[in-house]
Amino acid sequence: MYSISSCSAKYSFNMKEKVELETLEKTFTYIDKNKFRFIGLTFATCFDKLQTDDKSALSYIKDFSPKSPFAIYKVKVNDRSEIEELTPITTFGNKDKEIENILKKNMIVDRPGFDDAFQQEYLILFLYNKENIDKKYAEVINSER
């Protein structure tokens, strides 16, 4: 049983937090509706092995205007955690081939610490963070939240 009184703490969301929550709500709704596609797979993150400054190559994609705020890829990795194959589960709907080329060429999958050493396939969730376009050290397309 739950109750709320006039003494209960209240929290007010700012617009940035509201947008982030709406993105996460859409993402988790999609995952829940399509969970059968993810059976036996683990979500992982990745990083740009060729990154030389404050952002990865994904954040430098020109004229990026996604139709969806998130994308999910199934990736197969080699023993060095490099992406050998990738299958789009859902995409941003804009610049998808460019994103896929960057993933194959630049990214290293950061395997979860509890991972079975023999697992070669993972899911990677990317979120679009429009508010980070002009921020230093903040990714526009990010697999870590």
Please examine the side chains of Ile99 and Phe64, heavy atoms only from C-beta on, and report whether any two atoms are closer than 4.5 Å. yes
Return yes when atom CG of Asp32 has more than 12 non-hydrogen atoms of other residues, nucleotides or ligands closer than 6.0 Å, and no otherwise. yes
Test side chain to side chain contact (heavy atoms under 4.5 Å, CB included) applied to Tyr128 and Asn142, step by step: CA-CA 7 Å; Tyr128 174 62; Asn142 194 353; over 6 Å; no
Can you tell me how far the NZ atom of Lys95 sits from the CD1 atom of Ile141, to the nearest 0.5 Å? 10.5 Å
To the nearest 0.5 angstrom, please state how far the CG atom of Asn34 sits from the OG1 atom of Thr90. 8.5 Å
Below 6.0 angstrom between ring centroids: does that apply to Tyr122 and Tyr73? no
Does the separation of the ring centres of Phe70 and Tyr30 fall below 6.0 angstrom? yes
Run the numbers on Val77 and Glu84 for side chain to side chain contact (heavy atoms under 4.5 Å, CB included), then give the verdict. CA-CA 5 Å; Val77 298; Glu84 288 187 341; over 6 Å; no
Does Phe43 share a hydrophobic cluster with Leu127, counting links as ILVMFWY side-chain heavy atoms below 4.5 Å and allowing steps through other members? yes
Which atom of Arg111 lies closest to which atom of Asp79, heavy atoms considered: NH2-CA, 4.3 Å
Check the pair Leu103 / Phe126 against side chain to side chain contact (heavy atoms under 4.5 Å, CB included), numbers first and verdict last. CA-CA 11 Å; Leu103 292 177; Phe126 291 96; 3.4 Å; yes
Determine yes or no for a side-chain-to-main-chain donor-acceptor pair under 3.5 angstrom, with Asn78 supplying the side chain and Arg80 the backbone. yes
Hey, quick one: are Leu24 and Phe38 part of the same hydrophobic cluster, counting side-chain heavy atoms closer than 4.5 Å, chains of contacts allowed? yes
For a 4.5 angstrom cut-off between non-hydrogen side-chain atoms, does Thr29 reach Glu25? yes
Would you confirm whether Asp96, through its side chain, and Gly93, through its main-chain N or O, come within 3.5 Å as a donor-acceptor pair? yes
Would you kindly confirm whether Ile108 and Leu86 end up in one hydrophobic cluster when ILVMFWY residues are joined by side chain heavy atoms under 4.5 Å apart? no
Is any side-chain heavy atom of Thr27 closer than 4.5 Å to a side-chain heavy atom of Leu125? yes
Tightest non-hydrogen contact, residues Ile124 and Ser143, listed as CG2-CB, 3.8 Å
Nearest 0.5 Å, what's the OG-CD distance between Ser81 and Gln120? 10.5 Å
Quick check for you: to the nearest 0.5 Å, what is the distance between Ile133 atom CD1 and Ser59 atom OG? 9.5 Å
Measuring from atom CG of Asp48 to atom CG of Asn106, what distance do you get when rounded to the nearest 0.5 angstrom? 4.0 Å
With Leu123 as partner, the option from Ile31, Val75, Ile72 fulfilling side chain to side chain contact (heavy atoms under 4.5 Å, CB included) is Ile72
Could you list the residues that satisfy salt bridge (charged side-chain N to carboxylate O under 4.0 Å, His left out) with Glu139, not counting sequence neighbours? none
Thr91 and Ser68 have their tightest heavy-atom pair at O-CB, 3.6 Å
Do Leu50 and Val140 land in one hydrophobic cluster if side-chain heavy atoms of ILVMFWY residues count as linked below 4.5 Å? no
Output the distance between atom CD (Glu98) and atom CG (Leu58), rounded to the nearest 0.5 Å. 9.0 Å
Give me the atom names and distance for the closest heavy-atom approach of Pro69 to Lys26. CG-CD, 4.1 Å
Does anything in residues 49-77 pair up under salt bridge (Lys or Arg N to Asp or Glu O under 4.0 Å), and if so which pairs, sequence neighbours excluded? Lys49-Glu82
So, the side chain of Asp110 versus the backbone of Thr45: is there a donor-acceptor pair under 3.5 Å, distance only? no
